[in-house]
Number of protein chains: 2
Amino acid sequence: MTDTQLLTRLFYPRSVAIVGASSSPTKIGAVPVSLLAQHGYGGKLYPINPAAETVQGMPAFESLTAVKAPVDLAIVSVPAARVLPVLHEALELGTKNFVLFSSGFAEAGEAGRLQQQQLTELALGHGANILGPNCLGFMNIRERVFATFCTGPAGGLVQPGNVAIVSQSGAFAGYAYTLARERGLGLSHWITTGNQCSIDVADCIAWLAGDPQTRVIMVYMEGCTDGEKLKDALAKAYAAGKPVVACKVGRTSSGAQAAASHTAAMAGDDAVYSALFKQYGVARAYTVEEFFNLGYAFSVADALPSNRDIGLLTMSGGVGALMADDAQIAGLTMSPLPKAARQSILRRVPFAGVNNPVDITGQATSEMDLLSYTARLMLDEGRYGSLVVFVGAVAASPALWPHVREFVCDIRSAYPDTPLVLSCTIAPANKQDLESLGCLVFSDPSTAIHMVRALCSRRDGRPPRGLPGRTGTGTVAFPERLGEAASFALLEAAGIPTVCATVCANPREAVAAARRSGYPVVMKIASADIAHKSDVGGVRLAIADDASVESAFSEIMATVAANAPTAALDGVLVAPMVKGGVECILGAHIDPVFGPVVMFGLGGVFVEVLKDVSFRLAPIDEDEARSMVAEIRGAPLLAGARGAEPSDIQALCRAIAALSEFAAANREGLSSIDVNPLAVLPEGSGCIALDAVIVPRT
Amino acid sequence: MTDTQLLTRLFYPRSVAIVGASSSPTKIGAVPVSLLAQHGYGGKLYPINPAAETVQGMPAFESLTAVKAPVDLAIVSVPAARVLPVLHEALELGTKNFVLFSSGFAEAGEAGRLQQQQLTELALGHGANILGPNCLGFMNIRERVFATFCTGPAGGLVQPGNVAIVSQSGAFAGYAYTLARERGLGLSHWITTGNQCSIDVADCIAWLAGDPQTRVIMVYMEGCTDGEKLKDALAKAYAAGKPVVACKVGRTSSGAQAAASHTAAMAGDDAVYSALFKQYGVARAYTVEEFFNLGYAFSVADALPSNRDIGLLTMSGGVGALMADDAQIAGLTMSPLPKAARQSILRRVPFAGVNNPVDITGQATSEMDLLSYTARLMLDEGRYGSLVVFVGAVAASPALWPHVREFVCDIRSAYPDTPLVLSCTIAPANKQDLESLGCLVFSDPSTAIHMVRALCSRRDGRPPRGLPGRTGTGTVAFPERLGEAASFALLEAAGIPTVCATVCANPREAVAAARRSGYPVVMKIASADIAHKSDVGGVRLAIADDASVESAFSEIMATVAANAPTAALDGVLVAPMVKGGVECILGAHIDPVFGPVVMFGLGGVFVEVLKDVSFRLAPIDEDEARSMVAEIRGAPLLAGARGAEPSDIQALCRAIAALSEFAAANREGLSSIDVNPLAVLPEGSGCIALDAVIVPRT
């Protein structure tokens, strides 16, 4: 049985044993028994309790051994100390799938961590799956597998649907269950991973990518320790065409601290998670509300917008203006309706607003066919990629509701490839009715706009960028000591243009080098021991003639020797002084979880004061580099703001991509790279690294 | 009767006549008749319809004259052409309050605009109040006055409460009515102002400030034409201690365009509205969802946080981390709990997270008194200004709900001055129960945090800054032509330090001036006809000696004469070259609606590329100027980022306040002022205007 098949057996078990089954409703071992028995689970059920004849009216077994039948899944609800013996017994009997409710492992200090390590080794050694420990288990909603002690189902069952929820946190998942029920969001699977001793969030995502009942994967996570596995899982979901929505806490220092104290998971650098999500087409949610709105939008919408041009149809001019504000801020366009279509609408509603938003006013309540009439004109003539319609309280009126429904039927069947979003108040049953037609419904008009943007982003998304084939090239052996000149040489070889710099051992060599490169020149101390050359008086700019070069050489050597007496000095580096261009900063580092990461920003205050930088997991291609560049707030400076010439963005993107490949190829030997500044010259003139520090891994 | 008393008569009428009353349910004139009759309006009701004996079972009157009894309010629901005769008749009979449903006025082109002008004049001439035309009327919820044809009440009445909704848009207000009903938000008044021929949003705010039934004022607006009236109204609401929540559309070009096409209102500059709202303590909502959350928060909370330090108590570590993220981003602090309190909690829950967020884990479901125990420790020992508690699905459990209620009762009575916010799923009736105890309830934990921030901002708010007493000083008569030297002189006199500049008529004068000011100097063409001196070759920097000054003088005069042959040249301005400092930009202009406005930003890319600027209505004092400075993203640069000395922010704030007073005092004569750059020198060294353009009003 493959790993995937075994996971399928876990989540679709034909037989379930509950070790620690109980009749006492206050015991957590009672919950799965009653849920499985009461809600029609179709497989075999074996309550295990050595101290009871029966459990909740069912005959109880003394032990797993006493069952004498195959057990696909063992739910273990016993104190931590008794978990290992139970697992050994089960494994010997051939059971390979476990849910461990028990707490007292890694979350409970060093002794627990060691105990959990034993669980991990057991799972690895036997090719078994353990969900947990310290988890709330899982539910297969459609098959009514309640391998959980979550109290949510006791308050009412969530309806079956196509959305899977995977959560590291049991309490979050429990809350999500009740919210899904209250919002009428249908679920396929609900899985909590707890301490993740064997199965983690990534395993679940990868498995759900192949699960036919699941169309959308909602993920709550606090941290990740195996970046490659998570990348693979997200790539699988992408390839399967299944949107992933992620809520990842710990995006601030406070949140990361709270998350770290909550689980043993490493919070990691949030900017790297953001890059991961961007590159793998994951829709990131920052609030529980947004998490559910995104899951809902991907679950209900059966089409993606063909373009970012949005059509807004409203019965309230005010809400139309509000939606126009939101759409513009969301980066959507609102092309005006063509003139002929405008005139057609005005013939029916002389006071209508007909630009886009199209405001057919309260008149529509007396002539409800205006909705279809206008929407059809908009989609035929305006060719909008999506249509958002604000009908306010109209859909809640029993008299008008049939007309609203008719309108939605008409537009969905005539334009099946165009997402239709309604903003209104509406009875829950009628809302579900519209959703079954593929129409999204939100009471908040701004949410309607934001969800259209999310659908657009998914359409614009590209396959995850791993480029694994290209990372084998360019691996270099780093010298022990790596000065600026050597760093330049490595970067130049990797395809990043660098300034032509010569390390000179004496004033004479320096003058010769300066004459070759042309005046004015820059002179800097050459030493692998000195990272911050200015701080020790090791830098001189704009040196204009031979005599100045000679004196600068001696002065630099003397000053640095005095300021950094222990540093080995290789001489002075002479380079032409590059003028003009926009100063940028490129960087790369090896993230402990996700590996090589590349960074881009504008230099100076932009990076230091405004933290205006963008990140990507490396390697990336030039297209992805272009999106990094476009993403920073200061991007207009490169495009030629303030009357300046546009910069050579193409050369810049080439350099970013090259650096990312170099970092990826050298993830083993590298710690970090800083290219600061990289001067990006006017269009056609390229870019050039003026300073660089490469730090090999020690 | 004062204007206020007359408005009170409008919104609390003892008798209502409906002109155009109808029995036909499809007619808008039928709606107020049936609502008033069915829902127990306590005053007299007079349906007017010359063509009917009875209206909806009530005897109908042929005309207002036929009523022969005092009419406090006439609702007019007749075609536009018949409105004026009806008004004349009513005014003769002594009726002074009107609601005009009729459309076909300013929203319908020039003829309608002229007709509406007649209404305005009629209202002014007779001291009458007209709500509308083209409005949905109003409702006094508690007194059951339904002077509206809004269809909302037909679907169910909103509950009475302390929140008033005022809306320019009828459709928005109608939607808001149903949302308020669905969310259980109790209303006092619901008012639509439509075309605002007489009563506008500001009149309603000012009146509601004195209305005893109203504690919170929710305002939807698209534009404003009388800024002073709106300022006065907001100041009244502030003085009355009533929070105002505003949703103002048109914050982008798309939204403003849509709003302008919707009503005749002027959208104005959104940045100026933002300044207005900030200065008058108005909570601005950007979405309908936020609008209602803010109205709800101010309505339910009976205390404001005493500090920005928030206590977070959670039963889910994950949601705790999420809330910590939100709180940090919202600018709230989360001080850790003192050690003794931490130990007390750990004695009861060894696995608890005890820093802040305090995570008492699912353990609380077995020991529900842990909630009170922990919350009391947190409030006693942590002294947090507010407490947010995440209990997830626990409050929805019938078994646990009584414990949740007990917890809320306990904390609210023990800490009545500390806002308590619960995040949970809960039955609507139980939610209202908690709200009656002054406890806020949100299902989304992030919303809970954002609302605490809104409460903090209200606490931190200061009385509206009008400083009317100080604006009479400093009024100057602007000369017809105003060059840089004259601008400097005016600013200097107004208290803004300027560089010592001399206009020189010939090279000899220039040399003398340069020697007096000390080398190096800057030389610029002196001409009131040239705004952009660099563009015509009129600027030279860093001139170092007498000879260079002489030649620069001639060159500047010759170059400018060639490039700007029609400009009158006054000579060349000589000024010392100020080095160092942070380059800022100060500006002021006279907004057509709100009058004098002052602007601050950092110079160069900050203002030109990042649009990183802040605005305030002028005049402001130095404290308000300090908040302007703190508000921009680049503020760390002034505080001494990148190892630089901290700048003289005090001097900067003095200059901003002085400029704001100058602009306010000269609102009649002024069009705009640009001080660019203003060099802000290191702490203690002041700031100095290096260039300035004052444009008088023409």
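Convention: sequence-line order gives letters A, B, ...; per-chain numbering from 1.
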| Within a strict 4.5 Å, meaning less than it, do heavy atoms of the P445(B) and V288(A) side chains meet? | yes
| remark: Under 4.5 Å to a heavy atom of chain B? For F390(A) that would be side chain
| For L322(B), is it the side chain, the backbone, both or neither that has a heavy atom under 4.5 Å from a heavy atom of chain A? | both
| task | Can you sort out the partners of S534(B) under side chain to side chain donor-acceptor pair (under 3.5 Å), two or more places apart, ordered by chain and number? | result | none
| said: Counting C-beta onward and ignoring hydrogens, is there a side-chain heavy-atom pair between T287(B) and T447(A) closer than 4.5 Å? | reply: no
| For F172(A) and S316(B), which heavy atoms make the closest approach, and how far apart are they? | N-OG, 3.8 Å
| task | Check T425(A) against E182(B) and note the closest heavy-atom contact, atom names and distance. | result | CB-OE2, 3.2 Å
| If you measure from OG on S443(B) to CD on E289(A), what distance do you get to the nearest 0.5 Å? | 6.0 Å
| By side-chain contact (heavy atoms from CB on, under 4.5 Å), which residues pair with T333(B), not counting sequence neighbours? | D309(B)
| field | Among A635(A), C424(A), A154(A), G104(A), residue most engaged with chain B (heavy-atom pairs, under 4.5 Å) | value | C424(A)
| request: Could you tell me which portion of F606(B) (side chain, backbone, both or neither) has an atom closer than 4.5 angstrom to a non-hydrogen atom of chain A? | output: side chain
| field | Closest non-hydrogen atom pair between V249(A) and G318(B), with its separation | value | CG1-O, 3.7 Å
| query | So what's closer than 4.5 Å to chain B heavy atoms on Y286(A): side chain, backbone, both or neither? | reply | backbone
| field | Sub-4.5 Å side-chain heavy-atom contact between T151(B) and T365(A) | value | no
| said: Heavy-atom pairs under 4.5 Å with chain B - which of D612(A), V319(A), L610(A) has more of them than the others? | reply: L610(A)
| query | Which answer fits S397(A), side chain, backbone, both or neither, if we ask what part of it has an atom under 4.5 Å from a heavy atom of chain B? | reply | neither
| Which answer fits M315(B), side chain, backbone, both or neither, if we ask what part of it has an atom under 4.5 Å from a heavy atom of chain A? | backbone
| Nearest heavy atoms of D325(B) and G250(A), plus distance in Å | OD2-N, 2.8 Å
| Nearest-0.5 Å distance, CD of residue E107(B) to OG1 of residue T361(A) | 10.0 Å
